[in-house]
Structure formats: structure tokens, C-alpha cells
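Down below is the structure, laid out as C-alpha cells.
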Amino acid sequence: MAVFGTDLQYASIGAVYSGDTEMTRPNRYQGNYFMPGFAEGVVLPMAVNQFHYLHPGLSIDDFLPPALAALAPVRALATPIVSI
């Protein structure tokens, strides 16, 4: 996932490895490795951050391929109505 923004509040998760460990060296056979001095990942708490499109003049349809953008109004109408 990509997140665009500035001043995001986040919490680090996972281990932090020093630069002299096997975990921080690229491994072409088993894939991923970790950056030395940084946590394995981060959590972005949704309740304390605000997320916006890249430009205030653009909508989600501007980022969708034409075929999906044409379906966006149809999906909005297809929202199920639940009665109790």
C-alpha cells in the first residue's frame, strides 16, 4: 500500500536490526531484507490521521482506469439496504 501525506502519526512495529546482521543484507534467494536502524513496519492509526487525494481538484475517478471509473456510479447505487 502507498500512503501520500505529510506529518502522519504512526507507531513502529517489529524488530529494529543493526547494520551488522544477516537480516540487513540483501538475499537474492529468499527475498526481503530489513533496513538497518529502522523498524520492520509501521501502523498508521486511521482515527488520528487525515487522508486526502493527491490534489484537491481531483477525485477518485481521476485515478481509476476508464472502465472502472464508468462503474463507480453503478457501484454506489448497488449498496445494499438493510432493514431491521
Side-chain angles (χ1 to χ4, degrees):
M1 171 179 12
V3 176
F4 301 93
T6 59
D7 300 324
L8 293 174
Q9 295 182 37
Y10 65 92
S12 298
I13 58 173
V16 176
Y17 300 102
S18 65
D20 61 349
T21 177
E22 198 63 37
M23 297 298 286
T24 59
R25 295 189 190 109
N27 182 328
R28 67 182 237 195
Y29 300 105
Q30 295 163 327
N32 296 340
Y33 62 95
F34 301 100
M35 292 177 35
F38 291 90
E40 293 179 83
V42 297
V43 173
L44 298 172
M46 301 302 245
V48 297
N49 287 298
Q50 292 184 358
F51 299 93
H52 303 278
Y53 294 119
L54 298 179
H55 190 280
L58 301 175
S59 72
I60 186 65
D61 293 340
D62 296 315
F63 297 99
L64 294 173
L68 293 177
L71 293 175
V74 175
R75 279 192 235 143
L77 294 175
T79 304
I81 298 173
V82 178
S83 61
I84 298 176

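Scanning all heavy atoms of the two residues, the minimum distance from Ala39 to Ile13 falls at CB-O, 3.6 Å. Between Thr24 and Tyr17, the shortest heavy-atom contact is CG2-CB, 3.7 Å.
Sorted by first then second residue, the salt bridge (Lys or Arg N to Asp or Glu O under 4.0 Å) pairs that include residues 10-24, not counting sequence neighbours, are Glu22-Arg25.
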Side chains of residues 42-49: which donor-acceptor pairs under 3.5 Å do they make with residues two or more places apart or in other chains?
residue: Asn49; atom: OD1; partner: Gln9; partner atom: N; Å: 2.7
residue: Asn49; atom: ND2; partner: Gln9; partner atom: O; Å: 2.9
residue: Asn49; atom: ND2; partner: Pro45; partner atom: O; Å: 3.0

